[in-house]
> 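Below you will find the structure I want to go over with you.
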Amino acid sequence: MPELPEVETVVRLIRPRLVGRTIGAADVAWRRTVGGAPRGRFERAVQGARIAQVWRRGKFIAIDLEREGALAGWLVGHLRMTGRLHVESASWDAGPYRRLSLDLDDGRRFHFIDVRKFGRLVHVFDLPALLGALGPEPLGEEFTAEGFADGLRSRRRRLKPLLLDQAFVAGLGNIYADESLHRAGLHPLARSDRVGRAAALRLHAAIRSVLREAIEREGSSFDAFYRTPEGRPGRYQDEFQVYGREGEPCLTCGEPITRIVVGQRGTHLCRRCQRR
DNA sequence: ATCCTATCCTGGCTGC
DNA sequence: TGCAGCCAGGATAGGA
């Protein structure tokens, strides 16, 4: 699933193809993708706007729009499970799962493709309100070891659901939460306020190193869904220690990897490396 | 405060 | 071979 490393990869690759472009006609093939707004309203909001910048916050993709140099709102994207972004020549066939296309002034088209239709690309005027609820950026300076340790202590939640809570830390999803917990040697059901200081620091470092390594490899592609905007699969799935490895030996100790369900989410761990 | 369940969706898998 | 039924999973809303 697209999590922070996949979204970062997408943003890096589409940014040079979008910044400076002016949007022409919009073709909304699935209304909910644009937030349920009437087609005409979405089209009026984006047509003629110039893309000033493309950036990421957590798993959100933000596209700054302007008209005559003044801010004209934002396009906010979220890939959810199966969303993909492409900037391609006008003749490119976006396939049956194309949900939204925007014409660009260089003759290319920007496509939002999404099999399961959970993804969004919405026009908003108040982006700060939307992103304000997010926790710290895990690769940013504001994500300090001390703050993270305090955060764990001040709550009484199981580690896995807490790591998935975007208000606690922004950008982790099911894969990187499992991989980070394994790297730190912590059980996903451990209560956050009972995690010792040394363990909290280990988890903080594990989250950052796992995410950095995944970005270096352009994210993870373990099924047919995630691809970079250039159609390449990521390579971090080759580095998975626990995710999707149920029954296979732990690469650290040889114990078979266990799969449990935590908060409705498949959760993978090594019972020997990650004791409660 | 935290947890649990349902919802949104569809391709892919399982089992008959 | 065909088909019904179940499942995954990010985010959110509502109830316990």
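Here is how names work: the chains are called A, B, and so on, in the same order as the sequence lines, proteins then strands, and each is numbered from 1.
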> OP1, OP2 of dC8(B) versus side-chain N and O of Arg120(A): anything below 4.0 Å?
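So the side-chain polar atoms of Arg120(A) never come under 4.0 Å of the phosphate oxygens OP1 or OP2 of dC8(B).
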
> Could you walk me through whether Thr267(A) and Arg259(A) pass side chain to side chain donor-acceptor pair (under 3.5 Å), step by step?
CA-CA 5 Å; Thr267(A) 298; Arg259(A) 182 182 185 276; over 6 Å; no

> Using a 4.0 Å heavy-atom cut-off across all strands, classify Gly263(A) as base, sugar-phosphate, or nothing.
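No contact at all - Gly263(A) keeps every heavy atom at 4.0 Å or more from the nucleic acid.
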
> Rounded to the Å, how far apart are Arg116(A) CZ and dT10(B) P?
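Interatomic distance, CZ of Arg116(A) to P of dT10(B): 10 Å.
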
> Does dA11(C) have OP1 or OP2 under 4.0 Å away from a side-chain N or O of His78(A)?
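So the side-chain polar atoms of His78(A) do come within 4.0 Å of the phosphate oxygens OP1 or OP2 of dA11(C), strictly under.
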
> Sorted by first residue and then second, give each side chain to side chain donor-acceptor pair (under 3.5 Å) pair with at least one member in residues 196-206 of chain A; sequence neighbours left out.
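Counting only pairs at least two positions apart or across chains, the side chain to side chain donor-acceptor pair (under 3.5 Å) contacts touching residues 196-206 of chain A are Glu146(A)-Arg197(A).
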
> Does Lys59(A) put a side-chain nitrogen or oxygen below 4.0 Å from OP1 or OP2 of dG10(C)?
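Checking dG10(C) against Lys59(A), no side-chain N or O comes under 4.0 Å of OP1 or OP2.
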
> For Ile61(A) and dA11(C), what is the distance between atoms CD1 and P respectively, to the nearest whole Å?
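It is 12 Å, rounded to the nearest whole Å.
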
> For DNA chain B, produce a single dot-bracket line, 5' to 3'. Pairs: Watson-Crick or G-U wobble, both distances under 3.5 Å. Symbols: ( ) within strand, [ ] crossing, | other strand, . unpaired.
.|||||||||||||||

> Classify the side chain of Arg80(A) and the base of dG9(C) as holding, or not holding, a donor-acceptor pair under 3.5 Å.
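No pair found.
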
> Classify the nucleic acid contact of Gln264(A) as base, sugar-phosphate or nothing, counting any heavy atom under 4.0 Å across all strands shown.
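Gln264(A): base contact, heavy atoms under 4.0 Å.
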
> What is the distance from CG of Asp165(A) to P of dT2(B), rounded to the nearest Å?
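Taking CG of Asp165(A) and P of dT2(B), I get 10 Å after rounding.
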
> Is it the case that one hydrophobic cluster holds both Trp74(A) and Leu65(A), taking links as side-chain heavy atoms less than 4.5 Å apart, direct or via other members?
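Cluster IDs for Trp74(A) and Leu65(A) differ.
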
> Among residues 235-249 of chain A, which ones have heavy-atom contacts with DNA chain B below 4.0 Å?
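Those residues whose heavy atoms fall under 4.0 Å from DNA chain B, taken from residues 235-249 of chain A, amount to none.
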
> Out of Glu8(A), Glu137(A), Glu142(A), which residue meets the salt bridge (Lys or Arg N to Asp or Glu O under 4.0 Å) rule with Arg57(A)?
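Only match with Arg57(A) under salt bridge (Lys or Arg N to Asp or Glu O under 4.0 Å): Glu137(A).
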
> Could you tell me whether Arg265(A) contacts a base, only the sugar-phosphate backbone, or nothing, with contacts defined as non-hydrogen atoms closer than 4.0 Å?
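Base: the residue Arg265(A), judged by heavy atoms under 4.0 Å, touches a nucleobase.
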
> Quick one: ring-ring contact (aromatic ring centres under 6.0 Å, His included) partners of Phe112(A), sequence neighbours excluded?
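ring-ring contact (aromatic ring centres under 6.0 Å, His included) check on Phe112(A) returns nothing, list empty.
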
> Check every atom of dC8(B), dT10(B), dA11(C) against the side chain of Arg32(A) and return the nucleotide holding the closest atom.
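Side chain of Arg32(A) sits closest to dC8(B).
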
> Does Arg271(A) CZ have over 12 foreign heavy atoms under 6.0 Å away?
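For Arg271(A), atom CZ is not crowded (no more than 12 foreign heavy atoms under 6.0 Å).
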
> CG of Leu164(A) versus P of dT2(B): gap in Å, rounded?
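Distance check: Leu164(A) CG to dT2(B) P gives 15 Å.
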
> Taking ring-ring contact (aromatic ring centres under 6.0 Å, His included) as the test, write out the residues that go with His123(A), two or more places apart.
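Per chain and number, His123(A) pairs via ring-ring contact (aromatic ring centres under 6.0 Å, His included) with Phe125(A).
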
> Picking from dG10(C), dC3(B), dG11(B), which would you name as closest to the side chain of Phe118(A)?
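In terms of side-chain proximity for Phe118(A), the closest of dG10(C), dC3(B), dG11(B) is dG10(C).
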
> Does Arg158(A) make a side-chain N or O approach to OP1 or OP2 of dT2(B) shorter than 4.0 Å?
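Result: no.
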
> Side-chain N or O of Tyr97(A) versus OP1/OP2 of dG11(B): is the shortest distance under 4.0 Å?
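True: Tyr97(A) side-chain N/O within range (under 4.0 Å) of dG11(B) OP1/OP2.
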
> Between Arg17(A) and Asp106(A), is there a side-chain N and carboxylate O pair less than 4.0 Å apart?
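No, no charged N to carboxylate O under 4.0 Å.
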
> Rounded to whole angstroms, how far apart are CG on Asp114(A) and P on dG11(B)?
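Taking atom P of dG11(B) as the reference, CG of Asp114(A) is at 11 Å.
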
> Write down the distance between CD (Gln166(A)) and C1' (dA13(C)), rounded to a whole number of angstrom.
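Rounded to the whole Å, the gap is 17 Å.
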
> Just one of His86(A), Glu88(A), His111(A) clears the side-chain hydrogen bond (donor to acceptor under 3.5 Å, both in side chains) bar with Ser101(A), so which one?
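The side-chain hydrogen bond (donor to acceptor under 3.5 Å, both in side chains) with Ser101(A) is passed solely by His111(A) among His86(A), Glu88(A), His111(A).
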
> Map Arg156(A) and Arg99(A) onto DNA chain B by nearest heavy atom, then report which one ends up closer to the 5' terminus.
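The 5'-side residue here is Arg156(A).
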
> Within the 4.0 Å heavy-atom criterion, would you say Arg259(A) contacts the bases, only the backbone, or no part of the nucleic acid?
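Counting heavy atoms under 4.0 Å across all strands, the contact made by Arg259(A) is with sugar-phosphate only.
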
> What pairs with Arg191(A) under side-chain contact (heavy atoms from CB on, under 4.5 Å), at least two apart in sequence or on another chain?
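Expected list: Arg156(A), Asp193(A), Arg194(A).
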
